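Naming: A, B, ... by sequence-line order, numbering from 1 per chain. Treat the numbers as computed from the prediction; the structure is a model and nothing was measured.
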There are 2 protein chains.
Amino acid sequence: MIQSLARGLEILDLLANAENGIGITEFAQHLGVDKSSASRLLQTLASYGYAEQNADTRRYVLGTRVLALSNSVLRRIPLRDTAHPVLRQLTYMTGECSHIAILSQGKALYIDQVESPSILRVETEIGTLSPLHCTALGKVLIAFNQLGVPESLKAYTPKTMTDPVQLKLHMELVYRQGYAVDDEEHVLGVRCIAAPVFDHRGRVAGAVGISGPIGRMPNDGVPKLAGMVMELANDLSRRLGNTSAT
Amino acid sequence: MIQSLARGLEILDLLANAENGIGITEFAQHLGVDKSSASRLLQTLASYGYAEQNADTRRYVLGTRVLALSNSVLRRIPLRDTAHPVLRQLTYMTGECSHIAILSQGKALYIDQVESPSILRVETEIGTLSPLHCTALGKVLIAFNQLGVPESLKAYTPKTMTDPVQLKLHMELVYRQGYAVDDEEHVLGVRCIAAPVFDHRGRVAGAVGISGPIGRMPNDGVPKLAGMVMELANDLSRRLGNTSAT
DNA sequence: TTGAAAGGTTGTATAATATGCAACACAGTT
DNA sequence: AACTGTGTTGCATATTATACAACCTTTCAA
């Protein structure tokens, strides 16, 4: 582990979560180093375009260099290109925000998303890593990848399932019915429905789903919406060359 | 300048341009360090999610962590959200790929893009930094920001303007007619048309434009297409609160 | 099966370098 | 004018990154 590189990467993390830039003194406090060291780290980041210093406020923000990096990552995920039109169709049919995620580092990585036309909508950012046990997409990834259930399950809302045994049973239900529902288990007021996507070799390529406010997605409306999600997920599997998709 | 951080950032640059991952030995050669050092640098990057090692090939690729970074950058550019529907409209009207760029570090930074529905299309990646003097978007940014023309102008194709005096005159033409054309000056076979976007204070917010193969964008078709581009650019200016936009 | 080659990781002494301290510069406040 | 908060630079020192070497694993050919 190389310390100064690690510090630089921590600075990038800090910058990613900062709205209005960060000053040198703040960096120094967060990292537990002298402000002179922080200053030099930021100079290095800036010289490579990974940070930019506002000439007036002298505060630093993320540099535009990182945009080039994300293109490189997204290019690695061919599923994304195939999925986008399917997501558009899914949002068109359901009126809700749709997204697609893959398994990455034991989390659900959102790789693409299409926004709902409605004013009241769920915003999800591409690149977000979400927990598996309390999201519809995540549950699908667990159930169809036959993953084990983690020991400790963090509660995000009062509705989050925190009992591994209960979750295990729930995963079997998901597997049987072919889709998963997140019932305000991750964010209060938001319900999600997701279904698996399979590649040409029959392996789980990812999961597609929709999310919306509970008001628009009542309990008795779930089966119909789940049908649409599964239909489009199946459509995507077919586009990926999966022959068992109908 | 902190050396080991700089090396780490250079590794990110290498990874961004690699298609199939890079091995430790290659890194060591590129950086001019021992492979043990390269190994430790990559371990650090991997532990923060900025690099990922393929378990089979042991080669490294960029980590998904960078996606979160780029979201942060794009959030800083509110123009992008406003622009996207306008770009869609522009692509719908012209059938060509449309994009929007802002001035950043003396270059044109592409912040959004909508692809042409046609098979034959110009691919542009978000985050790309393009030269100003030989792109339509760049020319617009020079002309309407009243920027000086650089001394030395790199030739990308035989059609690139390399004479500063000639370019200066050309900028005056762009300013008068309200749009710029890139006539295979950056990439052979590709013609682009761009127009400026102004914010609520009347300042240049960016430039929008279209690009397509010369076959679909003949010389005598340029004025009509330029009219559409200017119309949509004007539309975007109005959405940004620019009152002088009609 | 054996041997060699290529690529990656880990231990360690040393030399390079990142660090904290202090001084300085600058802007905004009292 | 003095003060306070913030960022940058010079410098001696102690930390740490580095190269070297040994070791491990996989691949490929004899």
Side-chain angles (χ1 to χ4, degrees), chain A residues 1-65 72-73 76 104-105, chain B residues 1-65 72-73 76 104-105:
Chain A
M1 185 76 67
I2 284 162
Q3 195 180 58
S4 48
L5 174 55
R7 289 195 174 133
L9 299 179
E10 267 169 43
I11 289 174
L12 291 182
D13 289 357
L14 289 173
L15 286 171
N17 298 317
E19 290 299 314
N20 302 312
I22 306 183
I24 287 295
T25 309
E26 276 179 79
F27 284 120
Q29 286 169 352
H30 278 285
L31 297 174
V33 298
D34 193 82
K35 55 181 181 160
S36 64
S37 301
S39 175
R40 279 183 263 248
L41 286 164
L42 266 299
Q43 281 171 26
T44 304
L45 287 167
S47 74
Y48 279 84
Y50 287 94
E52 282 169 26
Q53 189 174 30
N54 184 310
D56 296 331
T57 66
R58 299 209 144 179
R59 295 169 80 82
Y60 285 88
V61 293
L62 266 186
T64 50
R65 194 84 241 276
S72 175
V73 172
R76 271 218 319 279
S104 175
Q105 305 164 53
Chain B
M1 185 74 67
I2 284 163
Q3 197 181 56
S4 49
L5 174 54
R7 290 200 174 126
L9 299 179
E10 266 169 45
I11 289 174
L12 291 182
D13 289 357
L14 289 173
L15 286 172
N17 298 315
E19 291 298 315
N20 302 314
I22 306 183
I24 287 294
T25 310
E26 277 180 78
F27 284 120
Q29 285 170 353
H30 278 285
L31 298 173
V33 298
D34 192 82
K35 56 180 182 163
S36 64
S37 302
S39 176
R40 278 183 261 250
L41 287 165
L42 265 301
Q43 280 171 26
T44 304
L45 287 167
S47 74
Y48 279 83
Y50 287 95
E52 281 168 26
Q53 188 173 33
N54 184 310
D56 295 331
T57 67
R58 298 209 146 179
R59 296 170 78 83
Y60 285 88
V61 293
L62 266 186
T64 49
R65 191 90 245 276
S72 175
V73 171
R76 271 218 319 278
S104 174
Q105 306 166 52

| task | Kindly determine whether A:Val33 and A:Phe27 satisfy side-chain contact (heavy atoms from CB on, under 4.5 Å), including the steps that lead there. | result | CA-CA 8 Å; A:Val33 298; A:Phe27 284 120; over 6 Å; no

| message | Does B:Leu31 form a side-chain contact (heavy atoms from CB on, under 4.5 Å) with B:Leu41? I'd like the steps, not just the answer. | response | CA-CA 11 Å; B:Leu31 298 173; B:Leu41 287 165; 4.2 Å; yes

| message | Test side-chain contact (heavy atoms from CB on, under 4.5 Å) on B:Gln105 and A:Thr64; report intermediate values, then the result. | response | CA-CA 10 Å; B:Gln105 306 166 52; A:Thr64 50; 3.1 Å; yes

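Closest to the B:Arg40 side chain, of the nucleotides D:dT9, C:dT19, D:dT18, is D:dT18.
Close to C:dG8, at under 4.0 Å from its OP1 or OP2, lies a side-chain N or O of B:Thr25. Here A:Arg7 reaches the OP1 or OP2 of C:dT19: one of its side-chain N or O atoms lies under 4.0 Å away. When the side-chain nitrogen and oxygen atoms of A:Gln3 are compared with OP1 and OP2 of D:dT18, none of them lie within a distance under 4.0 Å. Look at A:Gln43 and you'll find a side-chain N or O under 4.0 angstrom from OP1 or OP2 of D:dT9. Distances shown here put every side-chain N or O of B:Ser37 at or beyond 4.0 Å from the OP1 or OP2 atom of D:dA17.
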Please tabulate, one pair per line, all N/O donor-acceptor pairs under 3.5 Å involving side-chain atoms of residues 3-12 of chain A, not counting sequence neighbours.
{"from": "A:Ser4", "atom 1": "OG", "to": "B:Ser4", "atom 2": "OG", "distance (Å)": "2.3"}
{"from": "A:Glu10", "atom 1": "OE2", "to": "B:Tyr48", "atom 2": "OH", "distance (Å)": "2.6"}

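Rounded to an integer number of Å, the gap from CZ of A:Phe27 to C1' of C:dT19 is 18 Å. In this entry the distance linking CG of B:Leu31 with C1' of D:dT18 reads 13 Å, nearest Å. For A:Leu42 and D:dT6, the CG to P distance is 15 Å, given to the nearest whole Å. Between B:Leu41 atom CG and C:dT9 atom C1' the separation is 14 Å, expressed in whole Å. Per the geometry, CG belonging to A:Asn54 stands 14 Å off C1' belonging to D:dG7, to the nearest Å.
When atom types are taken as modelled, the side chain of B:Glu52 and the backbone of B:Ala46 share no donor-acceptor pair closer than 3.5 angstrom. Between the side chain of A:Gln53 and the backbone N or O of A:Arg58 there is at least one donor-acceptor pair closer than 3.5 Å. The backbone N or O of A:Gly21 sits less than 3.5 Å from a side-chain atom of A:Arg59, completing a donor-acceptor pair.
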| note | In 5'-to-3' order, the base (B), backbone-only (S) or no-contact (-) status of each nucleotide in nucleotides 21-28 of chain D, using a 4.0 angstrom heavy-atom cut-off, is --------

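Inspection of the B:Ser39 and B:Gln43 side chains reveals an N or O donor paired with an N or O acceptor under 3.5 Å.
Taking all atoms of both residues into account, the shortest heavy-atom contact from B:Ile2 to A:Ser37 is CD1-O, 4.4 Å.
Along DNA chain D, the nucleotide nearest A:Ile2 and the nucleotide nearest A:Arg59 are compared for position; the residue whose nucleotide lies closer to the 5' end is A:Arg59. When the nearest nucleotides of DNA chain D are assigned to B:Ser4 and A:Ile24 by heavy-atom distance, the more 5′-ward of the two goes with A:Ile24.
Note on A:Tyr60: only backbone sugar-phosphate atoms sit closer than 4.0 angstrom, heavy atoms only; bases stay farther off. Nucleic acid contact class of A:Gln53 (heavy atoms, under 4.0 Å, all strands): sugar-phosphate only.
In this structure, the helix from C:dT1-D:dA30 to C:dT30-D:dA1 shows an angle of 30° between the axis at its start and the axis at its end, each fitted on 5 base pairs and rounded to 10°.
Tested against B:Leu62 for a side chain to side chain contact (heavy atoms under 4.5 Å, CB included), the candidates B:Leu15, B:Asn17, B:Leu45 yield a single pass: B:Leu15.
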